[in-house]
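Below: one structure, written as C-alpha cells.
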Amino acid sequence: MNLADYRRAAGAWLRDNAPSDDHPEADGIARAKDFMAKLYDAGYSGITWPERWGGQGLTQAEERAFAEAARDYTLPTYVFMIGLGMTGPTLVDRGTDAQRERFVRPLLRGEEIWCQLFSEPGAGSDVASLQTRAERDGDHWIVNGQKVWTSVAHHADWGLLLARTDVDVPKHKGLTMFVVDMHHPGVTVRPLKDMSGRANFNEIFFDNVPVPDEHRVGEVNDGWSVAVTTLLHERLSISAGVGMGGQKDNPASVEALRRVVDTDDPLVRDELVELHIRTRALALFNQRLAQETRAGIFPGARGSAAKLLLAELTQFEADVATRLVGPEAMLAGHPLARAISTAPGMALGGGTNEIMRNIVGDRVLGLPPEPRVDKTVPFKDLKVGTQT
Amino acid sequence: MNLADYRRAAGAWLRDNAPSDDHPEADGIARAKDFMAKLYDAGYSGITWPERWGGQGLTQAEERAFAEAARDYTLPTYVFMIGLGMTGPTLVDRGTDAQRERFVRPLLRGEEIWCQLFSEPGAGSDVASLQTRAERDGDHWIVNGQKVWTSVAHHADWGLLLARTDVDVPKHKGLTMFVVDMHHPGVTVRPLKDMSGRANFNEIFFDNVPVPDEHRVGEVNDGWSVAVTTLLHERLSISAGVGMGGQKDNPASVEALRRVVDTDDPLVRDELVELHIRTRALALFNQRLAQETRAGIFPGARGSAAKLLLAELTQFEADVATRLVGPEAMLAGHPLARAISTAPGMALGGGTNEIMRNIVGDRVLGLPPEPRVDKTVPFKDLKVGTQT
Amino acid sequence: MKLVLSEEQRELREAVRGFLRTASPLPKVRDGYDPQVYARLNGELGLSGLIVPEEYGGAGAGLSELAVVLEETGAALLPGPFLATAFTALALTGTPDKELLTGIAEGRVAATLDQGELSFDGSAASGTLPRVLTGMEADVLVAPAPSGDGGDGGGKVLLAVELAGPGVRRTALEPLDLTRGLAEVVLEGAPARVLGPAPKTGVGDRLCVALAAEQLGVMRAALESIVAYAKVRVAFGRYIGSYQGVKHKLADMHGKLEQAESIVRYAAWAADESPGELPEAAALAQAYVGRACFEVARDHLLLHGGIGYTWEHDAHLFYKRAKADEVLLGPPRIHRARLAHLLEL
Amino acid sequence: MKLVLSEEQRELREAVRGFLRTASPLPKVRDGYDPQVYARLNGELGLSGLIVPEEYGGAGAGLSELAVVLEETGAALLPGPFLATAFTALALTGTPDKELLTGIAEGRVAATLDQGELSFDGSAASGTLPRVLTGMEADVLVAPAPSGDGGDGGGKVLLAVELAGPGVRRTALEPLDLTRGLAEVVLEGAPARVLGPAPKTGVGDRLCVALAAEQLGVMRAALESIVAYAKVRVAFGRYIGSYQGVKHKLADMHGKLEQAESIVRYAAWAADESPGELPEAAALAQAYVGRACFEVARDHLLLHGGIGYTWEHDAHLFYKRAKADEVLLGPPRIHRARLAHLLEL
C-alpha cells in the first residue's frame, strides 16, 4: 500500500472508530482500553515497532501519515502515553526476550497501563541521585522508597522503576532498572495535586515490595544506561509534540485574545503583535525541525532549544493575557486563570529551563562542561536532596 | 565651623576658583595641576585623609558637603581620580611611613599623577591570574610583562603595580604590590582605543624595569590582600558615583529624547515611559543607598547591585534611543551613535555584569560559592588566559 | 525625600512581623480569613486605626507607616479584609465619616471599597458589583453613586452599605488567589448612607501606593523563600544556589527588590509629605512594583523546580497573589498610560 | 512551505562562504570596500546577476537564494554595495529596466536604492538624499519621483541617475557601522532616466526579507565568535563557557538564532512562492530578526569582556552593523505597526 492509500485508510478508520468525546472520567479507562484494543487490532498501534513483539514493522513515514490523519481527533490514548512513548520502547531496546514477550503486546493493545518511576522528592533534575533502594533477597529484590511526579500511576498495572542497588559506588554506577507490579499491596499511590488544583500526577511509596529478578531490565548496576534510553525516548516524544498542538483551545492565543480585549488601544495591539511574533517564531522553528527530520537531519539536542522556547512562550502568553484582560481573569474558573496556573508546568516537566540551557550549551554549542563533583564520590558520601 | 558654614565656604571658593571649561586638551594637564594645587592649598583635597600625611583629617560629612557644593561644576580632576580614589587610599592604608611621606602629599596636591596596573590581557575578571613577573635582584625587583585597561597612564608619574613573585604557590599567594616609576625607559605606554574610537586607556609594557624594594607595598607574596584594599576603594568610588551624574548631557535620557521623537505615537510614548520607569527606579535606589550611608548603614555589596543595574540601564537607554530615532542616529558624529558605542563600557569597567551578579549572590544573598578549581593549584600548573 | 525607615517605623515592622509569624504562619493562610487574628491585629497592634485621624480614635499615621504594615501583611499573605479596610480608610481621607472611621479605628468594622457605580434613590442603593475584594468578610461596603443633585456635572457621592443588612445578596467567588476572598455583591434597594462627595482625585493614587507596599512584601517573601531553598537544595552534588544559572537570576531578583523598595518608600513619602509628586510616584509604583512582584514570584516558583509546581507547596500562593495584585486596580497598562499623561509625553 | 535549504542552496552557501573566507576575511573589512573583491564576487560567483531575470543575463533565482548569499555577506560583514545593488534589483522586479538590470547582471553596475523623493523635470532630477547606502561606491542611484503626469493621484516613477555624472555632489559620511559606507547625495539637475512607474507594493517587503537574511548572517557569525571564545578563554581556572552565567546566555542566543533562521527561510519562500503571505512574513522578519540580531551582537560583545570593548577587536563591528541594520529601513516600530495592521488587530 502506498503512503497516500495508507493515510486514506487510516482516515477512514478513524472516521468510523474515533470516539466523539475525550474526557475519560469514571468509566473512561474501560472505554479507553476498548478503543486501544480496536486501534491495535486495526494495525495502528505500534506502527514502527518490531512485528516479532506485536508491532507493525512499518516506517516513520506510516507513523507520520497516521499522526496526520489523527490530527483532527482527540483520541483517548492519554493513559497509554507513558507506555507507548517511554517504557515500551525501553523494553523493546533493552528488555529480555521474555520481558518483551510478556509485556509489549498487552501494552500496545491497551490491556495494561504503564507508568515510569524515576523522579524522587530529592532527585528532580538530578535523577541519578535517587535514594529508593532495591536490595537483593534470593531471586527477588526488595524495594523501599518513594517516587514522585508519576503520571497515570493510579491507573497503572506496571511501572518501570529505577532504584539504587549499590551505595558504595558513584551515583550513576549503583542503579538498576526493574519492572514493578503496581498492584502489590506494598505499593501506595497517592495523588499529588499540581498548583492548578488538578491531580495530574502521583506520589508512590514502596514498602518492602518484592520484584522477581526476571523483572530486572538490563544488568545489575547498569540501570543508568537503561534510564538514558528511556529519557531519550521521553525527549523525542516531547519534542515531537512541541508546538504541534492546535492553538484553537488556547485562551491565551492571539486569536482568542483579540476577541476579548480592546484592540482600539495601540498598546494592547502591540502586546498582541509581540505575542504573534513569538508564537510564529517558535511555530516556524518547530516546522523547520520537522522538515529537517523528514529530510533525514536529526534535530538531536536542538529539540531542547525548542522545548525551552515553548516553556518561555507558554509562560509569556499566560502572563500577557492576564495583564491584558485584567481583574476579570482572576477567578479560578476563568480560562486564563487556569492558563496562568498551569503555565509553569511546561518549564518544569521534562526538564527545567536551566537543564535545557545546559543541554543546548553542552550538546548543541559544544561548550565545556561544568566541573562535576558528583561523578566520582561513592553515593553514600554524596550530598543529595535537601540538606538543612 | 559648622557644616552649613563649611558648605557655604566651599561654595564660595568654587565660585571664585573653578575653571569654566572642562576639556583638558593640550595644555590641560598643566592647568589641571594648577587647579589641584589651589584646591589642596584651600584645604579641599584629601578632606577625610589623615592630617599627618597631608590630609585635612575631617569627616565624611565635610567631604559630602564639598561634593554637594561641587555638583554644579565640572572640575578638571579627571587625571587625579585613580590616585585620589584608589592608589592613594591604598598607600594610606597599607604603605610604609616612608612611602606615605614620599607619595601622599604630592598626590593630593596634584603634583604627581598615578595609575593602577592590575589587569592584563589574560587576567580580566580574574585579576589574580595575572602573569607579569617581578623577580628579585638584590635590593631591587625586575619587572617584565604587560598590563592593560590602564586609565591616564600616558600622564602618570607613578603606577601601583601588582606582579607575580612566586609561581610555585596558588595564584593568590604569589603576588606582590609595588610602586613603579612610569618614567623609566623600560616602561612603554601605548594608547588603546575603545570601540567608540577614543583612546581612554592604555596598554603598558614592562621590559626589565627595576623597582627598589622600598617601593614594595605590603609583604612579599601578600600583594593580593593589598589589591583587595585597592579594589574595595575602587568599588566605593564607583558606587558613590553611580546614578549621581546629571542627566542633562545624556542624549538618551527621556528629557533629551522627548524633544526629538514623535510623541504623538503611543508606542513611542510607551517606550519613553519604560525608560522613565527604569531611570527613576535606579535613581531612587541610589538615593536610598546614599541616605542609608548617611544614616550609618553601609551598603557593602549592595553597591554592586546598583552598578549592575546602571550597566543594564546604560545599555537599554542607548538601545531604545537609537531604535526610536532610527536611521539618522547612525552617523558616527550623532550623540546617540556615541551613546550606543560607549554603552557597553559601563558593563565592562569595574567588573562585568556576571561578576556583579556573583557578588550580589554571594555577599548580599549569602548563596553558596561556586566550587573553585584555582585556589589550591600552584600557579605554574594553572590554566590561565586564553588557551587555544 | 525620605527613603529609609525611621526607628519607629522599624519597630512597627518588627512588631507586625513578629505577630504575624506566630499568629498567621504560612501553613495557616490556606484556611482563609481568621476573624480572631484580625481582631488581635487590630486590638493588640491597633492596626485598624493606624491611618485613621486621631479625632476619630485612630493613630493618625501616614502612608509611610501603612506601607510598612502592608509590606508585612503582604509577605505573610494574610487573608482577610485588612487591605480592603485600608483602601476604604484611604478613600475617606477627603470625606471623613465619623461613624465609619470610628468603627474602623476600633476594629469593629471591616470595610471594603469598590469602584463600581451604584444607583441611589436617596435612601437605598442598587447595583451589581461582580468582584468585591473580601466582600464576604467585610461589614460595610463603600462605593460611589451619582450624587443625584440633578445636572450633568457628574458629581458623585460615596455611599456606605451594611453588607449584612437587607437588600444585599453576597455570593462567595472562587478566586485565583487562594489567600484573599472575592464576592459578587448584588444590592437591591439596600439601605445606604451618604458619606459625602466622592473625592475627585488622590484616592486612586493612594490605593496604588498601598497596593505597591503589599506587593513589595510579597516579592520580598518570595525571594527570601527561594534564596533559603537554594542554600539547602542539592543537585548534582552541590547546592543549587552555587550554580550561576540560579545565582545570577536571584541577583537580578534582588535588584528588582531594591528598586521596588526604593519606589515604595518614595511614593509613600510623597503621599504624606509632597502631594504634588504623588500622582507620578503612584503610577510609577504600580507600573514598576506590580510587574517586578509578579516576575520575582514567577521566578521564585520556577526555580523551586517540580516541588514548586505542587499544590502543597506555598510557591503558587505567592505567584497567584502577585498576579492578582498586578491587576487588582485594573490592567497594568493603565498605570503606564497615566505616567505618559503625567509626564506630558 | 520550505524551511530547509536544498542541495543547490547548500552548495551556493558553501561557495560564497569559501570565497569570502579567503577574499574578505574579517581583518580586511576595516579597509572598506574593495572593488576587486566585488568584481570577483560577481565574476567568479556570478552573484550580481543572481536574482536578475534570465532574459537580462541573470540567473533568475529567487529571494531564497539571495537570502543564502546575504547571510554569508552578512556573516563576513562584507563592505561595499552588494546589499544596495540587491535592493535595487529587487525594486526593479515590477519595472524591469533592461539597461540597468543587464549592467547589474554583468557586474558592471553597482547600484543603490533610496526611498527619498526627488524632483524631476522630465530630464533632470534634483534633491538631497541625506544618507544613501554605499552612495560613494555605487554607480547608479535609483529613487522615486512624482510621475509628473499632473493630477494628484500621487503616481510615482523610478528614476535612475548616474552618480559619476554631472549635477551630482556626493559627500562620504562617517557611519556608525564602519563596514558599510553612507553618503550624502545632492542632485542639482542631474540627468535622470525614467525606469517606469514605481511599484506600489511589494518592494518594501522584499527589502525587509533581504535585510533579515543579512541580519541572520550577522547574528550567526557573532554567536559563533563568542562560542569559540568561550571555549578557549579561561577565568578562575576554567573555561568561561563552562560557567552557567555564560552558557545559559549562549543557549538563549542559540534559540534566537534558530527562530530567526526559520523566519528568514519562511519569508524568503513566501516571497518566491506565496506572495499572499509575503507582507506578514516580511514584517515578521524585520520585527523579530532585527531585534534578535542586535541582542545577540550585543551579548556577544559583552560576553567577550574587556577585550570586546576595544577598537582592535571585531566584536564592535558586528554590534554596530547589527544596530545599523536594525534601523536601516526605518525605526523598528514601523514593522510592528505594519504587523498590527496586517493582522487586522
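Predicted model only: the values in this text are computed from it and were never measured. Throughout, a chain's letter reflects where its sequence line sits, starting with A, and its residues are numbered from 1.
Interface remark: C:Arg336 contributes no atoms to any contact with chain A (heavy atom separation under 4.5 Å). Neither the backbone nor the side chain of C:Leu329 comes within contact range of chain A, judged by heavy atoms closer than 4.5 Å.
Between atom CD1 of residue C:Ile334 and atom CG of residue A:Asp265 there is a gap of 11.0 Å, rounded to the nearest 0.5 Å. Between C:Leu303 atom CG and A:Thr352 atom OG1 the span is 8.5 Å, to the nearest 0.5 Å. Distance check: C:Leu133 CG to A:Met330 CE gives 13.5 Å after rounding to the nearest 0.5 Å. Note: C:Thr310 OG1 to A:Trp149 CH2 = 5.0 Å, rounded to the nearest 0.5 Å.
Between the side chain of C:Tyr319 and the backbone N or O of A:Ile340 there is at least one donor-acceptor pair closer than 3.5 Å. Side-chain N or O atoms of C:Lys320 include one that pairs as donor or acceptor with a backbone N or O of A:Met195 at under 3.5 Å.
For the pairing with A:Leu331, the side chain to side chain contact (heavy atoms under 4.5 Å, CB included) check across C:Leu176, C:Leu173, C:Asp177 returns one residue only, C:Leu173.
Using a 4.5 Å cut-off on side-chain heavy atoms (C-beta onward), C:Phe236 and A:Ser125 make contact. No side-chain heavy atom of C:Tyr243 sits under 4.5 Å from any side-chain heavy atom of A:Glu354. Contact of the A:Arg372 side chain with the C:Arg238 side chain is not registered, since no non-hydrogen atoms from C-beta on lie closer than 4.5 Å.
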Between A:Thr342 and C:Tyr309, does a side chain to side chain contact (heavy atoms under 4.5 Å, CB included) hold up when you go through it step by step? CA-CA 9 Å; A:Thr342 55; C:Tyr309 190 57; 3.9 Å; yes

The test is side chain to side chain contact (heavy atoms under 4.5 Å, CB included); show your working for A:Leu192 and C:Glu312 and say whether it passes. CA-CA 8 Å; A:Leu192 189 61; C:Glu312 279 72 19; 3.8 Å; yes

Show the numbers, then the answer: is there a side chain to side chain contact (heavy atoms under 4.5 Å, CB included) between C:Trp311 and A:Ser196? CA-CA 7 Å; C:Trp311 185 261; A:Ser196 75; over 6 Å; no

Check the pair C:Glu326 / A:Arg323 against side chain to side chain contact (heavy atoms under 4.5 Å, CB included), numbers first and verdict last. CA-CA 8 Å; C:Glu326 187 183 19; A:Arg323 273 188 278 137; 3.2 Å; yes

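Contact between A:Pro327 and C:Val327 at its shortest, heavy atoms only, is CG-O, 3.1 Å. Closest heavy-atom contact between C:Leu301 and A:Pro344: CD2-CB, 3.5 Å. Heavy-atom minimum distance, C:Gly306 versus A:Leu348: N-CD2, 4.3 Å.
With respect to A:Asp319 and C:Lys323, a salt bridge is recorded, a charged nitrogen being found less than 4.0 Å from a carboxylate O. Here C:Arg333 does not pair with A:Glu271 in a salt bridge; the nearest charged N to carboxylate O distance is not below 4.0 Å.
Taking A:Arg357, A:Lys171, A:His334, A:Glu328 one by one and counting their heavy-atom pairs under 4.5 Å with chain C, the maximum is reached by A:Glu328. Note on C:Arg131, C:Glu174, C:His316: by heavy-atom pairs under 4.5 Å with chain A, the leading option is C:Arg131. No other option in A:Gly122, A:Gly385, A:Gly197 has as many heavy-atom pairs under 4.5 Å with chain C as A:Gly385. Chain A forms more heavy-atom pairs under 4.5 Å with one residue of C:Lys231, C:Lys249, C:Arg291 than with any other, namely C:Arg291. Contact count against chain A (heavy-atom pairs under 4.5 Å) is highest for C:Ala235 among C:Ala228, C:Gly245, C:Ala235.
Sparse packing is recorded around CZ of C:Arg169, with 12 or fewer heavy atoms of other residues, nucleotides or ligands lying under 6.0 Å away.
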